[in-house]
Amino acid sequence: MKRNILLVLVAAMLSRCTPATGEMDIFIKNGIVYDGIDSLPKLVSIGIKGDRIVYVGNQEKEDIPTRRTIDAQGLIVAPGFIDTHTHADVELGSPSESDNKPFLFQGITTVVVGNDGSSLFPISKYSKIYEDQGIGTNVIFLVGQGTIRERVMGKVDRKATPDEVLSMQDLVKQEMDAGAFGMSTGLFYAPGSYATTQEVISLAKVVSKNHGIYDTHLRDEGCYSIGLVAAVEEAVEIGEKANIPIHISHIKCLGREVWKRSDSIIKIVEEANKRGVEVTANQYPYEASATGLQAAVVPRWAESGGKDSLFIRYSDPNLKPRILEGTRQNIELRGGPEKLLIVNSEYEAYEGKTLGELSESMELNPNEAVFEILKKGYARVASFSIDPYDIENFMQQEWVVTGSDGNTGHPRKYGAFPRKYKKYVKGGTIKLSDFINRSTSKTAQILRIPDRGAIQVGNYADIIIFNPETFGDRADYQNPFQLSEGLEYSIINGKISVENGGYTEKLNGRILKKE
């Protein structure tokens with residue numbers, strides 16, 4: 001019933017669409033238009049003036065004056081994709097990478113940064129840096145709970161005092177006032193993992209009062225600590241007690257021990273939604289996750305205080321056996337050393353090799369090899385430990401949207417959205433309209449972004465045009481830095497960023513701030 005009412009309202013809006021007075025800047029005609037809301041495409045033309053959509057109407061109408069006409073014959077026209085989970089923070093602040101091309105060429109026009117509990121601080125400083133130099137896509141900030149905890153307490157593993165909680169609440173409020181759309185947690189990672197549920201609720205209540213959302217990397221996505229089911233239940237509890245919408249980042253069942261548990265997770269989420277707790281999630285379409293090697297396999301207790309403290313404990317003959325045993329268990333939970341591929345390392349010779357291969361060349365057990373690798377610096381690892389059943393099961397839920405979790409070394413940074421189209425839309429797992437709607441308007445709804453995510457008169461003109469035959473990913477685990485293909489046009493805030501498949505060298509993105 002609600003959907004029928006929505007469609008009637010959309011139809012009524014479109015029926016009232018008339019061209020704005022005067023010449024348009026861009027007129028898109030002859031395309032197959034998916035507006036981000038409907039399940040069926042429309043054969044309509046789109047007019048843009050300034051940074052807004054001012055006309056959606058009769059495709060046969062040819063007498064509208066315009067400065068630029070784009071003939072989208074045979075192409076799909078859609079709202080620009082919104083990526084709920086990226087790690088583009090640092091790159092956006094770099095003059096050489098602020099174009100954000102890895103995301104731009106996926107059809108993404110807005111990225112969220114500050115995920116997994118880790119954010120740039122303070123937001124006001126980095127907003128100014130981004131604005132002064134220009135950015136290639138729109139950006140939304142989240143404030144990271146782990147970042148806030150570290151500023152107040154350091155990396156120590158202990159319960160926060162009441163005064164420390166108050167200090168953290170003040171910093172969260174400061175970042176929300178600076179325009180953050182919500183708070184993220186990385187409860188799997190140190191130091192966020194050291195926080196109790198109640199501590200997180202205390203911070204989430206501040207975000208709730210400021211009408212933000214709670215985005216979470218669950219405390220456990222497998223069997224590493226409290227277990228996947230308990231971690232989802234914890235997220236729901238935070239939502240209920242803080243009265244805040246919950247968004248689960250990169251939802252998955254990580255490790256053989258929890259394969260096929262997606263049915264149980266879906267049931268928990270749907271029951272929560274029936275009770276009035278808003279729970280949604282994002283997902284990347286890959287069978288391998290990726291994170292730091294240390295975060296992936298080193299016991300969290302051993303990290304307390306940071307990397308230096310870890311190696312002090314590792315050199316202690318009384319603690320070393322316990323650390324190695326915990327590391328061994330975590331390696332096995334991720335499928336064994338052959339399932340762990342080094343995708344990025346400060347010591348480049350390690351890249352492209354599995355932990356199994358490196359341990360063999362070092363003539364060490366895999367758990368011991370981990371620490372030899374870490375001595376050389378940071379290393380990032382892809383874990384091939386996600387079952388296709390769970391990927392497809394989550395993907396088909398209406399509350400699951402697309403997110404890349406884009407970070408260096410994993411192909412998802414360059415290919416998540418086009419891969420989902422090429423593999424799962426063309427493969428018949430989900431419909432094209434569902435892919436588009438749950439990469440655009442549904443995501444805007446989750447994040448509370450006004451006037452974006454749908455092709456409607458009055459909305460900002462974030463629009464993409466792609467070739468349905470060629471749109472797809474090129475990045476893989478051997479060559480993860482390959483731009484996606486098939487995107488013909490990207491229009492961001494009414495200006496063209498990609499034209500005829502090529503970058504225009506224009507930085508048309510904006511900082512979107514929570515009002």
| task | Ignoring hydrogens and angles, state whether a donor on the side chain of Gln396 or Glu392 is under 3.5 Å from an acceptor on the partner side chain. | result | no
| field | Set of ring pair (Phe, Tyr, Trp, His ring centres under 6.0 Å) partners for Tyr130, sequence neighbours left out | value | Phe141
| Going by atom types only, do Thr110 and Asn138 share a side-chain donor-acceptor pair under 3.5 Å? | yes
| field | Sequence-distant partners of Glu338, side-chain hydrogen bond (donor to acceptor under 3.5 Å, both in side chains), two or more places apart | value | Thr354
| field | Partners meeting ring pair (Phe, Tyr, Trp, His ring centres under 6.0 Å) with Tyr389 (sequence neighbours left out) | value | none
| Sequence neighbours excluded, every pair satisfying salt bridge (charged side-chain N to carboxylate O under 4.0 Å, His left out) that has a member inside residues 109-127 | none
| task | Say whether Thr216 and Thr185, considering side chains only, have a donor N or O and an acceptor N or O under 3.5 Å apart. | result | yes
| said: Applying ring pair (Phe, Tyr, Trp, His ring centres under 6.0 Å), can you list everything that pairs with Phe466, at least two apart in sequence or on another chain? | reply: Tyr421, Phe471
| said: Would you say Asn367 and Thr327 are linked by a side-chain donor-acceptor pair, where the criterion is simply a distance under 3.5 Å? | reply: no
| message | Applying ring pair (Phe, Tyr, Trp, His ring centres under 6.0 Å), can you list everything that pairs with Tyr314, at least two apart in sequence or on another chain? | response | Phe371
| task | Just jot down the side-chain hydrogen bond (donor to acceptor under 3.5 Å, both in side chains) partners of Arg219, sequence neighbours excluded, or say none. | result | Glu234
| said: Restricting to side chain to side chain contact (heavy atoms under 4.5 Å, CB included), what partner residues turn up for Glu351, sequence neighbours left out? | reply: Asn344, Ser345, Glu348
| task | Sequence neighbours left out, what passes side-chain hydrogen bond (donor to acceptor under 3.5 Å, both in side chains) with Thr408? Give chain and number order. | result | none
| request: Not counting sequence neighbours, which residues clear side chain to side chain contact (heavy atoms under 4.5 Å, CB included) with Arg261? List them please. | output: Leu228, Cys253, Val258
| said: Enumerate the side chain to side chain donor-acceptor pair (under 3.5 Å) contacts for residues 282-291, please, sequence neighbours excluded, ordered by first and then second residue. | reply: Thr84-Asn282, Tyr189-Thr291, His247-Asn282, Ser249-Asn282, Lys252-Tyr284, Tyr284-Arg412
| request: Keeping to residues at least two apart or across chains, list the salt bridge (charged side-chain N to carboxylate O under 4.0 Å, His left out) pairs with something in residues 289-301. | output: Arg300-Glu303
